Amino acid sequence: MTKLAIMGAMEEEIEPLLAHFDNVNKVDYANNTYYEVNHNGLDIVIAYSKIGKVFATLTASTMIQKFGCDTLLFSGVAGGINPDLKIGDLIIADKLCQHDLDITAFGHPAGFVPGGAVFVETSKELREIAKVVAIENNLKVIEGTIATGDQFVYKAEQKNFIESTFKADALEMEGASVAVVCDALNVPCFVLRAISDTADMDAGFDFDAFLKTSAVNSANYLIKILEKLQK
Ligand code: SAH
């Protein structure tokens with residue numbers, strides 16, 4: 001690892017990360033701001049993409065191809081599906097899928113297009129390090145499937161479809177696109193989320209109430225993982 005990318009989707013998700021570092025250098029590029037820092041000798045680029053798969057793809061690609069990042073960590077919030085995931089709890093993705101990618105009319109499985117795959121895996125090595133950090137810090141972390149799509153999910157029908165079709169544990173709007181970019185460019189990828197809501201009829205309300213605290217939970221764990229990576 002020579003240069004690390006740390007991404008969120010929303011400002012609230014990277015604020016607690018930026019607050020952790022001194023001497024942040026701002027670079028404006030492609031309608032976004034990238035924050036460069038050097039932490040104990042390691043170059044890090046931090047950015048929030050804006051919400052959704054397209055913006056997340058743009059930011060992940062930019063961090064790797066323009067800024068030269070060779071490892072990518074994502075931190076943010078998600079809607080929980082697995083009943084073991086309560087608001088504030090942490091999930092790391094072992095694989096991700098696009099729940100809204102649908103050419104099933106042609107007999108393909110949900111989430112699949114030719115040349116792609118339904119599920120994209122994240123870096124096993126980074127997950128193992130994260131699990132060690134969780135044990136050392138007595139953090140409850142679930143490892144599971146995250147489903148991504150360009151929808152804020154709050155209806156039972158949408159949630160049930162995603163749960164039954166992809167056996168997903170959590171859902172959000174950016175992770176799978178970042179994983180696709182990293183997979184294509186051979187960059188180890190890690191996707192961490194803290195639960196902000198449970199993708200039900202209260203999701204909009206819960207999201208607003210818990211975005212900040214859950215984003216901080218995710219960021220704090222990510223910082224601990226970063227410290228481990230630097231040892
Ligand atoms: N309140 C924001 C919109 C938030 S969209 C605004 O008005 O600007 C939800 C964000 O959190 C996305 O980045 C997504 O990745 C994540 N997320 C959390 N809960 C979600 C849910 N139930 N469905 C989809 N994405 C969710």
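Remember, it's a predicted structure, so these values are computed and weren't measured experimentally. Numbering of ligands and ligand atoms starts at 1, following listing order. Side chains included, hydrogens not; waters and symmetry mates left out as well; all remaining heavy atoms used.
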Inset, instruction - May I ask you to check whether F207 and F152 place their ring centres under 6.0 Å from each other? - result: yes
Inset, instruction - Could you point out which residue of L73, I129, T122 forms a side chain to side chain contact (heavy atoms under 4.5 Å, CB included) with F190? - result: L73
Please tabulate protein-ligand N/O pairs under 3.5 Å for ligand 1, atom names and distances to 0.1 Å.
unit_1, atom_1, unit_2, atom_2, d
ligand 1, 13 (O), E174, OE1, 3.3
ligand 1, 13 (O), E174, OE2, 2.7
ligand 1, 15 (O), M173, N, 2.9
ligand 1, 15 (O), E174, OE1, 2.6
ligand 1, 15 (O), E174, OE2, 3.4
ligand 1, 15 (O), R193, NH1, 3.4
ligand 1, 19 (N), G79, N, 3.3
ligand 1, 19 (N), D197, OD2, 2.7
ligand 1, 22 (N), V153, O, 3.0
ligand 1, 22 (N), D197, OD1, 2.9
ligand 1, 23 (N), V153, N, 2.9

Legend entry - Interatomic spacing from NZ in K3 to CG in L72 - rounded to 0.5 Å: 13.0 Å
Inset, instruction - Any chance you could measure S196, atom OG, to D89, atom CG, to the nearest 0.5 Å? - result: 12.0 Å
Inset, instruction - Considering non-hydrogen atoms only, spot the tightest contact between G88 and A194 and give its length. - result: O-CB, 4.1 Å
Inset, instruction - Output yes when E128 and K131 qualify as a salt bridge under the 4.0 Å nitrogen-oxygen rule, no when they do not. - result: yes
